[in-house]
Structures are given as structure tokens and as C-alpha cells.
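Structure first, commentary second.
What you are looking at is a predicted structure, and each value in this text was computed from that prediction instead of being measured. Below, all heavy atoms of this structure are taken into account, side chains as well, without hydrogens, waters or symmetry copies. Every chain is numbered from 1, with letters handed out A, B, ... down the list of sequences.
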Amino acid sequence: MTFQAYNTLTRQKEPLEPIEPAKVGFYVCGPTVYDLIHLGNARPLVVFDVLFRLLRLEYGDGNVKYVRNITDVEDKINAVAKERGIAIFELTATTTERFHEDAAALGCLEPTVEPRATAHIPEMITLMETLIARGHAYVAEGHVLFDVPSYAPYGKLSGNSRDEIVAGARIEVAPYKKDAADFVLWKPSTDDQPGWESPWGFGRPGWHLECSAMSHKHLGANFDIHGGGRDLIFPHHENEVAQTCAADPESGFARMWMHNGYLSVDGEKMSKSLGNFHTVRDLLEDWPGEALRFALLTAQYRQPLDFTFDLLKQAKASLDRFYNALAQSAEPAAGPVPDDVLAALNDDLNTPQAISIMHSLADGVFRGEKGAGAALRGAGVVMGLLQSSAKDWFQSGDDDEAGEIEDLIAQRLAARANKDFAEADRIRDALKARSIDLMDGPEGTTWRRT
RNA sequence: GGCCAGGUGGCAGAGUGGUUAUGCAGCGGAUUGCAAAUCCGCGUACAUCGGUUCGAUUCCGGUCCUGGCCUCCA
């Protein structure tokens with residue numbers, strides 16, 4: 001089964017044809033580690049994690065290389081570190097650690113390689129030297145700038161031409177730029193800013209340059225897929241293409257570009273600058289990470305998705321249904337991923353379709369179909385869902401409390417045996433007030449947190 | 001202004017040139033001491049106007065509306 005996806009570059013759905021037939025490599029822009037990630041940032045994380053899982057099934061775990069960078073030098077980092085009065089290294093280290101915790105809570109596998117920008121300064125310097133030598137970059141007042149007019153295909157990815165970009169520019173053009181569309185590769189640093197010695201003086205890299213250097217080092221001049229949020233198409237990805245391809249005429253950079261749609265709030269993009277965001281960390285206080293992940297997968301990745309608490313509620317309800325099915329089928333181990341689930345995901349990551357199939361597998365479990373539970377859990381493997389036990393899903397929390405609950409259940413069973421239903425209901429209601437539901441079944445009484 | 005998306009039932013959200021997924025919520029019933037879970041049954045949708053077609057929600061064109069990028073942004 002061949003994976004196909006909508007390619008932003010060609011604006012059509014295309015089958016994936018890896019450069020090396022048995023291997024796939026892809027690059028996804030990771031976070032700039034100046035602050036906690038919000039749920040909008042989590043969308044590409046989860047979407048491309050599903051892609052990673054899917055490709056690993058198809059090509060084998062060892063044949064898929066997923067590169068997701070950490071941007072740990074960037075002006076926003078400097079500003080936040082200064083504001084909090086802490087060292088830049090301290091800020092990036094703790095933020096990176098929290099990012100890893102959040103990603104794990106969302107059920108994401110670790111990428112194959114997670115390069116940090118600050119560990120690739122020599123590669124960036126080499127890249128700039130090549131660009132200058134080839135006439136695609138120039139030095140001005142301690143800056144190194146990319147010469148946009150020197151690179152004719154500029155604008156191919158975003159659909160913007162150089163002229164249109166300049167005409168729509170909303171900011172003043174720095175005086176040292178030869179052309180209004182030129183962008184910074186390297187800029188001078190003062191003593192209180194992070195910086196490295198370079199042929200052009202003490203300075204630091206521009207954001208776009210970092211990703212070009214890292215993707216080139218870990219995937220080469222040509223690779224299969226580049227992913228990221230739609231908002232990165234211009235200028236970030238456009239500039240990555242320009243830098244890499246201008247430096248190396250043999251380079252085609254990424255063959256396929258996959259861009260996820262936005263997560264919105266009340267119809268507007270969730271973003272730090274609008275202030276309408278919910279951090280993953282905050283949401284994890286009240287919601288299981290798996291419910292957050294599920295919510296992000298309820299829409300196909302290219303579609304806009306509007307965040308509401310009702311969305312999370314519905315995600316949790318669906319997971320409750322799946323875990324009910326797994327509990328009922330005696331917690332089966334995962335079987336192979338069902339073919340129709342693979343087919344859905346191979347068609348441009350149609351996760352809503354896959355979820356729909358999972359619902360019909362749950363139906364199968366409730367109907368008593370053999371193997372349906374294993375198939376359901378198998379589907380969960382590629383979706384990154386349903387890997388806990390139903391018991392953990394429903395009962396996770398304070399272990400000391402669990403003993404007390406069991407005691408109350410025993411008291412209630414005694415009351416029921418005596419037909420003292422008033423007392424039995426009193427105990428049920430008391431637990432319900434603590435968000436604990438009791439269920440009487442043929443095997444006895446079980447409980448869950450709601 | 002340029003470029004790029006999106007408008008499907010109460011909500012979320014797939015899909016399709018002709019019988020219109022799936023889940024949640026709602027209603028009725030079964031089951032239950034009462035519940036929960038489960039099962040059975042029920043309901044309103046495809047922004048708008050034209051065109052193509054035997055037939056369009058689905059293809060083409062116009063219009064309206066919403067959002068995004070062009071500055072940092074997943």
C-alpha cells in the first residue's frame with residue numbers, strides 16, 4: 001500500500017516515491033524553546049507522529065528517519081531570558097525538557113534525530129560561505145544576507161513572487177539590504193547576546209538558516225518529506241528552499257511538503273501573540289494526554305480545527321467507548337493494524353476515517369466478534385492510541401483512594417445483599433459526588449473516574 | 001493589494017456524479033432493585049447563484065461569508 005499525500009509544492013495529491021526505494025527520511029520544524037508549547041503547537045507534533053508510525057510499519061522501524069529540530073538560538077529566547085533574569089542556556093534547557101515531557105504525554109514517539117541549532121553553527125557558517133561564493137549572499141554591516149533576486153525560483157513553494165512580497169511588505173526595509181525581499185542569514189551579536197565567532201565577526205544565525213543547515217546535515221541535499229504548520233510556508237520554508245538549493249544546484253531539497261492546518265479558537269488561530277492559547281501543560285491538569293491527542297486527530301490534518309472544551313469532551317467520550325470495548329474483550333494484546341485503517345491513513349492521513357473504522361471495531365467487540373478487540377488495539381498502535389489498559393484509563397489517579405473506594409464498594413454490596421437499597425444508593429451518590437461511578441455487572445461491581 | 005485555505009445535520013467531522021459515513025448530544029424502547037455499559041428504533045445538512053449532465057452536495061464559473069500568510073508564529 002502506497003502512502004500518498006497532498007504536496008504543497010505541486011498542489012495535488014501524490015504518491016510517496018522515496019529517493020531510496022526502501023527508506024524514507026523526513027524533516028519537521030520543531031519548537032523554538034522559549035516557552036511552553038500550546039495545543040496548536042501540538043498539532044504537527046501529533047500529526048507527524050502518526051506519519052512516523054505509519055511509515056515505520058510500511059518501511060520498517062530502521063528505515064525511517066524522522067528529524068525534528070530544536071531551535072535554541074533565536075531572538076525571542078534572548079528576550080524571555082532577559083525578562084526572567086535567567087541565563088539563556090538555563091531557559092533553553094528547561095524548556096526543552098518540558099517540551100519532551102509534553103510530547104511524551106501526547107503519546108509521541110521520539111524522533112530519530114533531534115538536532116539542536118546551537119550544535120550546528122559550523123555547518124551554518126559553511127553554508128553561508130558557499131552562498132557568498134556562489135553570489136547568492138552578501139555581507140553588509142556585520143550581517144550576511146540572502147540575495148533574493150539572485151535566485152530565480154524564489155516563491156515557488158508559497159506561490160508568492162519576489163515582487164508581490166515586496167509590494168505587500170508591512171515592515172520597513174533595513175537600510176543595509178540590497179533588495180527589500182532579502183533576508184538575514186547571520187546577524188551581529190553584542191556581548192550580552194549569544195554569539196559565535198565567524199568570518200563576519202561575532203554573531204548569531206537567522207532562524208531560516210538553522211533549519212537548512214540541520215536538514216542538510218541529517219538528511220542531505222535531497223530528501224523525501226518536509227512537514228510543518230501552514231504558517232511556516234512563507235517565509236520560513238520558502239527561505240529554506242532558497243538557501244539549500246542556491247548553495248547546491250544538485251539539491252532539490254524536499255520532494256513532498258506536508259503542511260498541517262491551524263488549530264483555531266473562536267475562529268481565530270491559536271497563537272501566543274493573540275493570547276488565545278491553552279498550553280499543553282495546563283490542559284494536562286484536567287485532561288488525559290490521550291484525549292488531547294485524540295482531539296487533534298478528529299479532523300484531517302490539513303483542515304482547520306476549532307478548539308473547544310466540548311471537542312475534548314467528545315474526544316474523551318470516544319476513548320471511553322473504545323476502552324469499554326477493550327475492557328469487555330478482556331484486554332487483548334494488539335493484533336496487526338487492520339488493512340482498512342492502513343488504507344485510510346495511507347490516503348493523506350485520513351485520521352477521521354481511521355477513527356470511524358475503530359468505532360466499527362468497537363461495535364464488533366460489543367457484538368462478540370472474535371479478534372475485534374485485538375484489531376482495535378492494533379489500530380491504536382498506528383494512531384498512537386489505546387496503548388494503556390482500560391483499568392488504567394478509567395482508574396488512574398490516587399492509589400490510596402482506590403483502597404477506600406474498594407471498601408465502600410464492599411459496604412454497598414453488603415447493603416444490596418440485605419436489600420437495603422437506600423444505603424446502597426447513598427454510597428453510590430457519595431462516590432458520584434467525588435466523580436467516581438460504580439458499575440454493577442455480572443462479575444461484580446467496578447468503578448471508574450469520570 | 002498579492003498569495004493560500006475553508007464554508008456539510010444541535011455539535012464534531014469524513015465522503016461521494018445517482019441508495020447521503022462515523023461519533024457526541026437528543027427522543028422512544030430493551031436491559032438494570034436504581035444506575036452505568038450495551039442493544040434496538042427515530043430526526044433536520046451539504047453557503048449562494050448560474051452552467052455542464054438523464055441526474056450535482058460532489059465537476060466548472062460567478063457571488064457572499066470566514067480564516068491565514070505577506071513581521072515572530074505549528
Side-chain angles (χ1 to χ4, degrees), chain A residues 8 11 28-32 34 37-48 74-76 79 155 157-161 163-172 181 183 207 227-236 238 259-264 266-274 277 294-295 297-306 308 310-325 327-328 344 347 350-360 362-363 365-368 416 419-422 424-425 428-429 432 437-441 445-448 450:
Chain A
T8 307
R11 306 196 192 287
V28 176
C29 292
T32 299
Y34 69 102
I37 60 163
H38 63 243
L39 197 63
N41 303 128
R43 193 173 187 192
L45 222 54
V46 168
V47 162
F48 292 108
E74 213 267 337
D75 287 3
K76 253 181 311 205
L157 179 66
S158 61
N160 290 315
S161 73
D163 292 346
E164 287 159 354
I165 291 158
V166 171
R170 294 185 303 197
I171 52 159
E172 282 184 48
F183 56 91
W207 177 42
R230 189 191 290 291
D231 46 357
L232 297 183
I233 295 174
F234 191 88
H236 185 55
E238 192 72 66
H259 289 104
N260 63 275
Y262 301 114
L263 187 74
S264 62
D266 298 325
E268 283 185 311
K269 187 170 99 167
M270 181 182 284
S271 74
K272 298 255 168 80
S273 45
L274 286 173
F277 63 91
F294 190 98
L297 296 175
T298 53
Q300 200 262 358
Y301 75 97
R302 286 190 287 115
Q303 299 306 118
L305 176 62
D306 199 56
T308 58
D310 193 53
L311 176 73
L312 299 183
K313 223 168 97 184
Q314 292 196 15
K316 182 163 181 307
S318 291
L319 286 167
D320 281 343
R321 185 165 191 270
F322 292 157
Y323 276 114
N324 270 328
Q328 183 163 327
D347 183 14
N350 193 339
T351 51
Q353 182 69 39
I355 288 170
S356 166
I357 294 164
M358 290 169 78
H359 276 293
S360 71
D363 287 341
V365 172
F366 293 130
R367 248 185 271 118
R416 287 180 73 205
K419 304 271 188 216
D420 184 355
F421 295 121
D425 289 350
R428 182 204 288 287
D429 291 344
K432 188 158 188 98
D437 277 358
L438 299 184
M439 283 111 12
D440 300 321
T445 299
T446 55
W447 62 276
R448 65 177 53 166
T450 53

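Where A:Asp266 and A:Ala362 each meet RNA chain B at their nearest nucleotide, the meeting point lying more 5' is that of A:Ala362. Positionally, the nearest nucleotide of RNA chain B for A:Tyr262 lies more toward the 5' end than for the other of A:Tyr262 and A:Gly228.
Side-chain contact between A:Asn41 and A:Lys272: present, with at least one pair of heavy atoms (C-beta onward) separated by less than 4.5 Å. A heavy-atom distance below 4.5 Å is found between the side chains of A:Thr445 and A:Arg416. Between A:Phe183 and A:Pro235, the closest side-chain pair of non-hydrogen atoms is not below 4.5 Å.
With ring centers used as reference points, A:Tyr301 lies 6.0 Å or more from A:His259.
Side-chain proximity of A:Leu263 to the nucleotides B:rG68, B:rA74, B:rG33 is greatest for B:rA74. Picking from B:rU22, B:rG68, B:rA74 the nucleotide with the shortest atom distance to the side chain of A:Ser356 gives B:rU22. Comparing B:rC34, B:rG23, B:rA74 by their closest approach to the side chain of A:His359 singles out B:rG23. Taking the side chain of A:Phe366 as heavy atoms from C-beta on, and the options B:rU38, B:rA74, B:rG23, the nearest nucleotide is B:rU38. Checking B:rC72, B:rG33, B:rU38 against the side-chain heavy atoms of A:Asp440 singles out B:rG33 as nearest.
With both ends at atom C1', the span from B:rA56 to B:rG18 equals 9 Å, rounded to whole Å. Across B:rG41 and B:rG23, the matching P atoms stand 12 Å from one another, rounded to whole Å. Separation of the P atoms belonging to B:rA25 and B:rC40 is 16 Å when rounded to the nearest angstrom. Taking atom C1' in both B:rA47 and B:rG7, one finds a spacing of 6 Å when rounded to whole Å. Atom P of B:rA21 sits at a distance of 16 Å from the matching atom of B:rU57, rounded to the whole Å. Annotation: B:rG28 and B:rG43 have their P atoms spaced 16 Å apart (nearest Å). Distance check on atom C1': B:rG13 versus B:rC46 gives 13 Å, rounded to whole Å. Nucleotides B:rU8 and B:rU16 are separated by 12 Å at their C1' atoms, to the nearest Å.
Within the 4.0 Å cut-off from OP1 or OP2 of B:rC3, not a single side-chain nitrogen or oxygen of A:Asn160 is found. Listed pair A:Lys432 / B:rA36 fails the phosphate criterion, with no side-chain N or O lying under 4.0 Å from OP1 or OP2.
Checked against side chain to side chain donor-acceptor pair (under 3.5 Å), A:Gln314 has the following partners two or more places apart in sequence or in another chain: A:Asp310. A:Asp231 meets the side chain to side chain donor-acceptor pair (under 3.5 Å) test with A:Lys269; sequence neighbours excluded. For A:Asp363, the side chain to side chain donor-acceptor pair (under 3.5 Å) partners two or more places apart in sequence, or in a different chain, are A:Arg321. Residues that satisfy the salt bridge (Lys or Arg N to Asp or Glu O under 4.0 Å) test with A:Arg230, not counting sequence neighbours, are absent from this structure.
With hydrogens and angles left out, the side-chain atoms of A:Ser158 and A:Glu238 include a donor and acceptor closer than 3.5 Å.
Taking atom CG of A:Asn41 as the reference point, atom P of B:rC72 lies 16 Å away to the nearest angstrom. Atom CZ in A:Phe322 sits roughly 13 Å away from atom P in B:rU22 (whole-Å rounding). The interatomic distance linking A:Asp320 (CG) with B:rA25 (P) rounds to 10 Å, in whole Å. Summarising the geometry, the separation between NZ on A:Lys316 and P on B:rA25 is reported as 12 Å, rounded to the nearest angstrom. With rounding to whole Å, A:Asp429 atom CG is found 10 Å from B:rA35 atom C1'. One interatomic measurement links the two molecules: CG of A:Asp363 to C1' of B:rG23, which rounds to 10 Å at whole-angstrom precision. Counting to the nearest Å, the C1' atom of B:rG1 and the CG atom of A:Asp163 are 14 Å from each other. For the pair A:Phe421 CZ and B:rU32 P, the interatomic distance rounds to 13 Å; values are reported in whole Å.
Contact annotation for A:Met358: no contact, since no heavy-atom pair falls under 4.0 Å across all strands. Residue A:Lys272 is out of contact with every strand shown, counting any heavy-atom pair closer than 4.0 Å. Residue A:Arg416 is in base contact, counting any heavy-atom pair closer than 4.0 Å across all strands shown. Using a 4.0 Å heavy-atom cutoff across all strands shown, A:Gly155 reaches no nucleic acid atom at all. Residue A:Asp437 is classed as having no contact, given no heavy-atom separation below 4.0 Å to the nucleic acid. Across all strands shown, A:Phe234 has heavy atoms under 4.0 Å from sugar-phosphate atoms exclusively, and none from any base.
Within 3.5 Å, a donor on the side chain of A:Arg428 pairs with an acceptor on the base of B:rA35, or the reverse.
Other residues, nucleotides and ligands contribute more than 12 heavy atoms inside 6.0 Å of the CG atom of A:Asp429.
Looking only at distances, a side-chain donor or acceptor of A:Asp306 sits under 3.5 Å from a matching main-chain atom of A:Gly267. Although no hydrogens or angles enter the test, the distance criterion places a donor-acceptor pair under 3.5 Å between the side chain of A:Arg428 and the main chain of A:Leu438.
In RNA chain B, consecutive stretches of 3 or more Watson-Crick or G-U wobble pairs with both distances under 3.5 Å are given as paired ranges: B:1-7 with B:64-70, B:10-12 with B:22-24, B:26-30 with B:38-42, B:47-51 with B:59-63.
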For this session: Heavy atoms under 4.0 Å is the rule here; annotate nucleotides 4-15 of chain B 5' to 3' with B where the base is hit, S where only the sugar-phosphate is, and - elsewhere.
Result: SSS----BSSSS

